[in-house]
Number of protein chains: 2
Amino acid sequence: METNLLKNISVDCVIFGFDMESLNVLLVERTMNASQSNDTLFSDLTLTGHHIYENEDLDGAAKRIVNDLTGLKNLVLEQFYSFGELDRLQHPNDQLWIDQFEGALDKRVVSIGYYSLLPSLNVNIKQKGRVVKWYPVNEISELAYDHTFILEKAISHLRYKLRYEPIGFEMLPPKFTLSQMQKLYEAVLGVELDKRNFRKKVSQMTYVVPLNEKQKGVSHKPAQLFMFSRDVYEKTKTERYDFFV
Amino acid sequence: METNLLKNISVDCVIFGFDMESLNVLLVERTMNASQSNDTLFSDLTLTGHHIYENEDLDGAAKRIVNDLTGLKNLVLEQFYSFGELDRLQHPNDQLWIDQFEGALDKRVVSIGYYSLLPSLNVNIKQKGRVVKWYPVNEISELAYDHTFILEKAISHLRYKLRYEPIGFEMLPPKFTLSQMQKLYEAVLGVELDKRNFRKKVSQMTYVVPLNEKQKGVSHKPAQLFMFSRDVYEKTKTERYDFFV
DNA sequence: CTGTTAAGTGTATTTTTAACACTTTGTTTG
DNA sequence: CAAACAAAGTGTTAAAAATACACTTAACAG
């Protein structure tokens, strides 16, 4: 079914997850050992990406890459930008790595950036010998390749999108409280929101529907649970331009 | 200097221009004649695009492509989306065309979409045997390849960008009137705006600066001329999210 | 000097945003 | 079982922004 990899084109995926505290990204450790001594030459972190197959479209490649790492399907996948700087893989570490592990591929690679949104950090990561972990976006410093830049572009696209479309619910459980929803908006947008004003605004969103159910297992007053109805959203959305804030 | 073309990667450019009436796009006629009889097999319109060179980055390719057609440099260039559907060049007409004129290149091409903004339709188009013309975006029906889709994506990106960033001035002359500016916003956004409310809003934009100069050669009350100051804009912009409307 | 054309201007109303603090409810602990 | 704890839940007022709306002015053309 799958045929050749296109040697000049890859897809890089930024996998976002929200843990009711902060916005996180799934990163893969890249550790290079000296061929003989087994000393570590360098160790850093990368997003996840892969070249695309000749008979695979871009969305399909992004799906495959996310599925390869998380086992999940049907996630939101959003293409946000493409990266083709000549020096994007030219750091010595990157060159070493590519020579060793991707020798057959090209050093000139244009990468199409996608991000996907996960409803939880509790995912069975397919390690496949890799070390894969969640990192809060605010605590990430330098990534390998040009992945710091790619991540920044992804975050700003996500922020934009979150304001104008109901995309945040993809990072919440199907039943969520308003405080959780507020924390999500605060974490992604990087702002503090007023509880009463937030709730006033949400109460006008007919597609955020209260359930006959309350939070359980918490040691305080349990909160009302809500769900997002895409159905209602599609039917009530007008040609508004600002979704939120 | 320039080396090989990458056979799987191209850049397609949507060149927008504003003529104080409507938003226009520069399109190239594509006419295919039967090899012997010289009858026209088909004739349609395309955006302008080209494969990228191995040692050329994406922005550079976009610049080259726009310059090849218009001779202009230093235009605003904005990457808006990438297109990699498997069937994007699979229409029989497209296949015929590619076989004849781009035989050496691949049928599987991922194209990076850019748009650029021109301050006028008065451009010396480098015809090079091509027929190149401006078309109002509202009057464009079917384009070749997947270019209708690409154009739609470009327009919606431009609309978004126009609301939040002072990008419209790129399509106005250096000295412009408020009516011209209003018409630009109306043409791009596809809405009608109230003159007084529009002016009230613009008067708060300190970076739209009145000049000591009036319109000349019009047969009615001449309008005050204004200029856009990027300088002032950069210094006064805050972390606002909505630029306009 | 009259007609034509687009420029230019202000106010009142509605809507939206922003700021702000106490009470309620269920759980835990002593 | 009473008290302490923790987060849920709730309204009002003031300021700012958006909207709707119609007449006067300046230059040119005939």
Side-chain angles (χ1 to χ4, degrees), chain A residues 19-22 162-164 172-173 175-187 189-206 208-227 236-245, chain B residues 19-22 162-164 172-173 175-187 189-206 208-227 236-245:
Chain A
D19 60 357
M20 306 302 172
E21 281 297 323
S22 54
L162 186 70
R163 282 173 182 284
Y164 305 106
L172 290 173
K175 300 175 181 183
F176 54 85
T177 72
L178 294 185
S179 294
Q180 292 171 339
M181 180 176 166
Q182 183 178 343
K183 272 189 183 154
L184 169 72
Y185 276 84
E186 290 179 331
L189 300 179
V191 295
E192 281 212 350
L193 300 172
D194 178 86
K195 183 159 67 161
R196 282 180 283 193
N197 293 337
F198 180 86
R199 283 162 189 249
K200 203 182 301 170
K201 208 152 185 177
V202 173
S203 71
Q204 289 158 9
M205 302 174 179
T206 52
V208 177
V209 189
L211 302 169
N212 284 326
E213 202 172 338
K214 291 193 172 177
Q215 210 179 18
K216 274 179 189 151
V218 289
S219 73
H220 55 77
K221 180 173 175 178
Q224 173 72 243
L225 290 172
F226 290 79
M227 63 168 279
T236 59
K237 80 171 166 187
T238 56
E239 261 315 305
R240 282 193 65 51
Y241 290 97
D242 53 313
F243 171 67
F244 206 88
V245 176
Chain B
D19 60 357
M20 305 303 173
E21 281 296 324
S22 54
L162 186 70
R163 280 171 186 282
Y164 305 106
L172 290 173
K175 300 175 181 182
F176 54 85
T177 71
L178 294 185
S179 294
Q180 292 170 341
M181 180 176 167
Q182 183 178 342
K183 271 189 186 156
L184 170 72
Y185 277 84
E186 290 178 331
L189 301 179
V191 294
E192 282 211 348
L193 299 172
D194 177 86
K195 183 158 70 161
R196 280 181 284 195
N197 294 336
F198 181 86
R199 282 161 189 250
K200 202 182 300 170
K201 206 151 184 177
V202 173
S203 70
Q204 290 159 8
M205 302 176 179
T206 53
V208 177
V209 190
L211 301 169
N212 286 325
E213 202 173 338
K214 292 193 172 176
Q215 210 177 18
K216 273 177 190 153
V218 289
S219 73
H220 53 78
K221 179 172 176 179
Q224 173 73 244
L225 290 173
F226 290 78
M227 61 167 281
T236 58
K237 79 171 166 188
T238 57
E239 263 313 306
R240 281 194 64 51
Y241 289 97
D242 52 315
F243 170 66
F244 207 89
V245 177

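First the proteins, then the strands, lettered A, B, ... as listed; each starts at 1. What you see below is based on every heavy atom in this structure, not just the backbone, and it leaves out hydrogens, waters and symmetry mates.
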Using only side-chain N and O atoms of [X], determine if any of them is under 4.0 Å from OP1 or OP2 of [N].
X	N	value
A/R199	D/dG9	yes
B/S219	C/dT5	no
B/K201	D/dA18	yes

Q) Nearest nucleotide by nearest heavy atom, which residue falls closer to the 5' end of DNA chain D, B/Q204 or B/D194? A) B/Q204
(Q) Which is more 5' along DNA chain D, the nucleotide nearest B/N197 or the one nearest B/H220? Just name the residue. (A) B/N197
Consider the side chain of [X], meaning its heavy atoms from C-beta on, and name the nucleotide among [options] that approaches it most closely.
X	options	answer
B/P222	D/dA27, C/dA7, D/dT10	D/dA27
B/R196	D/dT10, D/dA27, D/dA22	D/dA22
B/K221	D/dT25, D/dA8, C/dT11	D/dT25

Report the distance from atom [atom1] of [X] to atom [atom2] of [Y], rounding to the nearest 0.5 Å.
X	Y	atom1	atom2	result
A/M20	A/L172	CE	CG	5.5 Å
B/E186	B/K183	CD	NZ	8.5 Å
B/Q182	B/D194	CD	CG	7.5 Å
A/F226	A/L211	CZ	CG	8.0 Å

Whole-Å gap separating [atom2] ([N]) and [atom1] ([X]):
X	N	atom1	atom2	result
A/Q215	D/dG9	CD	C1'	13 Å
B/K216	D/dA29	NZ	P	15 Å
A/K195	D/dA7	NZ	P	10 Å
A/Q182	D/dT10	CD	P	14 Å
B/Q224	D/dT25	CD	P	19 Å
A/L193	D/dG9	CG	P	17 Å
B/M205	D/dA17	CE	P	13 Å
A/E192	C/dA18	CD	P	14 Å

Q: Would you indicate what A/T177 reaches in the nucleic acid, counting non-hydrogen atoms under 4.0 angstrom: base, sugar-phosphate, or nothing?
A: nothing
Q) Taking the side chain from B/D19 and the backbone from B/S22, do they hold a donor-acceptor pair closer than 3.5 Å? A) yes
Q. Any donor-acceptor pair under 3.5 Å joining the side chain of A/K200 to the base of D/dT12?
A. yes
